[in-house]
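Throughout, protein chains are lettered first and strands after them, A, B, ... in sequence-line order, and every chain is numbered starting at 1.
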Amino acid sequence: MLDLGFVRNNLSLVREKMRDRGAAGILGDFDALDAERRKLLSEAEALKAQKNAVSGQIAVLKKQKQDTSALIAEMKEVGQQIQQLDEQAKAADEKLRDLLRRVPNIPHETVPVGRSSEDNKEIRRWGEPRKFNFEPKAHWDLGPALGILDFERAAKIAGARFAVYYGAGAKLERALAQFMLDLHTREHGYTEVFPPFMVNSDSMFGTGQLPKFAEDLFKLEGTDYWLIPTAEVPVTNLFRDEVLEAEKLPVKFCAWTACFRSEAGSYGKDTRGIIRQHQFQKVELVKFAFPENSYDELESLTNNAETVLQRLGLPYRVMALSTGDLGFSSAKTYDLEAWLPSSQEYKEISSCSNFESFQARRANLRFRRGKGGKTELLHTLNGSGLAIGRTWVALLENYQQADGSVLIPEALRPYLDGLERISPQE
RNA sequence: GGAGAGGUGGCCGAGUGGCUUAAGGCGGCGGUUUGCUAAACCGUUGUACGGGCGAAAACCUGUACCCAGGGUUCAAAUCCCUGCCUCUCCGCCA
């Protein structure tokens, strides 16, 4: 959420930034709403001040055994006026707030201006896509052929966009999670967190999923519980309504969780394989940072995620998302895209964002510099480090051999009891 | 699921309708004293949204905030209703 005062004082700038995002009309009649709200507030507060003063007089007069019936009658009337004004003010305030809650973040000045993912800018590449002397298969062929991946039974017990893993496939999923967690906690200074996979509506609001994107989420019927679409939600909300001491910053968490997404609106997209599932696992990196260096933190967070791909020997590129492709809460985002030989393309495997104070304002995440200093809003950042399902896919496809087996990169072998190759299983 | 006890400022903790603009303490900040530190003493203290005020800061001023949302009243931390959360015991359970 943007700051009300900032929007009021920089309205034309904000409108321009929203145009860049492809959300030109989002601010609607902000000025009129804002003016009305302030007018009603002032009127109501003036009457309340009068009422408070007279109520105090009544208390004094009663003590002196004087007649107060005229004053009480008068205040009764004022009370009714206040009630009316309060209702109108509340309605105006709700309208304005509702508007503000649906306005996305302002893109950072370094974000390439563009309409869509077509306009994303490549920042750098790492690794050479391997040359195959045979036709590389897609993971949805490799996995079932190896006996480690099963779509039919997943559809039976759950439905479309689910998968079941067996044997070395299941173990690979687990090994990847552990490998990533170890890397980030041992070498990158993150603290491991294991949060709930369900959260309440307040948390979903805090990170920006609600109120706008409820249809992308799974909700548990008859409750206020939502399945998390990413660990970003529970972890960023850990410090909701808290004030952190500056010495503790930056706070760096990494969390391995399942993630659940309804994928409404992505019908027909990535329908084969495990690229787009209702349930997948992810190791997420989350930072709470000082405002003045949050962009340095974004660079290092992105590097931390890249290290996973480098250790696994998976070629990738880093893309800066354009204004038109940026997520709702993000001011700047780098996507990491891993090379997939079967489709001869780079595919998103991580998304690293700086939200500046956008989430912090919604979730009331603050810090204090030194003792007795003013509280300030934190900057929040997060990025996948990495999406495990998609890493699983990239490994299978990039390390497949002519005979259908899959080599395991060195870095991962300790997590698979030394396994060097996945061969067809019973 | 049943029974009970609770939720008050950064923290502890008083407060059962009106001199409570929330007592007192701790902590923080500023000061006095002091060779330095500590102690003692004095002062001070939160958030949000308005107005003064057509840059910001500071300042002055108003309103709201005692878990949340409603209600009673001229007046609510205090009375009533609903919900949420925490704790204890019982039941069930991994």
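- B:rC41 is paired with B:rG31 under the Watson-Crick or G-U wobble criterion, all donor-acceptor distances under 3.5 Å.
- Going from the C1' atom of B:rC67 to that of B:rG6 covers 11 Å, rounded to whole Å.
- Side-chain atoms of A:Arg38 lie closest to B:rG50 of the nucleotides B:rG62, B:rC74, B:rG50.
- Between A:His188 and A:His184, the ring planes are tilted. Angles from 30° to 60° get that label.
- Rounded to whole Å, the P atom of B:rG28 lies 43 Å from the corresponding atom of B:rG71.
- To the nearest whole angstrom, the two C1' atoms, one in B:rU8 and one in B:rG46, are 14 Å apart.
- Atom CG in A:Leu100 sits roughly 11 Å away from atom P in B:rC49 (whole-Å rounding).
- Across B:rU20 and B:rU33, the matching C1' atoms stand 35 Å from one another, rounded to whole Å.
- For the C1' atoms, the distance from B:rC90 to B:rA68 is 29 Å, rounded to whole Å.
- Proximity of A:Asn52 to the phosphate of B:rU63: a side-chain N or O atom is located under 4.0 Å from OP1 or OP2.
- One interatomic measurement links the two molecules: CG of A:Asp86 to C1' of B:rA64, which rounds to 10 Å at whole-angstrom precision.
- In this structure, B:rG69 forms a base pair with B:rC81, meeting either the Watson-Crick or the G-U wobble geometry with both donor-acceptor distances under 3.5 Å.
- Taking the centre of each ring, A:Phe162 and A:His278 come in below the 6.0 Å mark.
- Both A:Ala53 and A:Ala73 sit near RNA chain B, but only A:Ala53 has its closest nucleotide nearer the 5' end.
- Of the side-chain N and O atoms in A:Lys51, none sit less than 4.0 angstrom from OP1 or OP2 of B:rG18.
- Checking B:rC74, B:rA64, B:rG50 against every side-chain atom of A:Met75, the shortest atom distance belongs to B:rC74.
- Listed nucleotides: B:rC49, B:rG51, B:rC74. Nearest to the side chain of A:Arg97: B:rC49.
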**Message:** Show, in sequence, the C-alpha distance, side-chain angles and deciding distance for A:Trp226 and A:Gln209, and conclude whether the side chain to side chain contact (heavy atoms under 4.5 Å, CB included) test is met.
**Reply:** CA-CA 11 Å; A:Trp226 303 77; A:Gln209 278 74 20; over 6 Å; no
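- B:rA40 has its base anti relative to the sugar, with a glycosidic angle deviating from 0 by more than 90°.
- Between B:rC42 and B:rA56, the distance separating the two C1' atoms is 34 Å to the nearest Å.
- A:Arg276 places no side-chain N or O within 3.5 Å of a backbone atom of A:Asp270 that could act as its donor or acceptor partner.
- Here the nucleotide nearest the side chain of A:Arg366, chosen from B:rU47, B:rG70, B:rA56, is B:rU47.
- Across all their heavy atoms, A:Arg101 and A:Arg362 have their closest contact at O-NH1, 3.3 Å.
- Ranking B:rG18, B:rA64, B:rC49 by closeness to the A:Arg37 side chain, first place goes to B:rC49.
- When the P atom is used for both B:rG15 and B:rC79, the distance is 12 Å, rounded to whole Å.
- Put simply, CD on A:Gln83 is 12 Å from C1' on B:rU73, counting in whole angstrom units.
- A 3.5 Å limit on both hydrogen-bonding distances identifies B:rA48 as the Watson-Crick or G-U partner of B:rU63.
- Considering only side-chain atoms of A:Ser42, the nucleotide from B:rU63, B:rG50, B:rU47 that sits closest is B:rG50.
- No side-chain donor-acceptor contact under 3.5 Å links A:Ser322 and A:Arg115.
- In this structure, CD of A:Glu45 is placed 4 Å from C1' of B:rU63, rounded to the nearest angstrom.
- Spacing between atom CG of A:Asn364 and atom P of B:rG10 amounts to 11 Å, rounded to whole angstrom units.
- Of all nucleotides listed (B:rU63, B:rG50, B:rG18), B:rU63 comes nearest to the side chain of A:Ala49.
- Comparing A:Ala44 and A:Arg8 along RNA chain B, the residue whose closest nucleotide (by nearest heavy atom) sits nearer the 5' end is A:Arg8.
- With rounding to whole Å, A:Asp202 atom CG is found 12 Å from B:rC85 atom C1'.
- The gap from the C1' atom of B:rG1 to that of B:rG62 amounts to 50 Å, rounded to the nearest Å.
- When distances run from any side-chain atom of A:Lys76 to the nucleotides B:rG70, B:rC49, B:rC74, the shortest one goes to B:rC74.
- Rounded to an integer number of Å, the gap from CG of A:Leu377 to P of B:rU47 is 12 Å.
- Among A:Trp140, A:Tyr165, A:Phe179, the one residue that satisfies the ring pair (Phe, Tyr, Trp, His ring centres under 6.0 Å) test with A:Trp392 is A:Tyr165.
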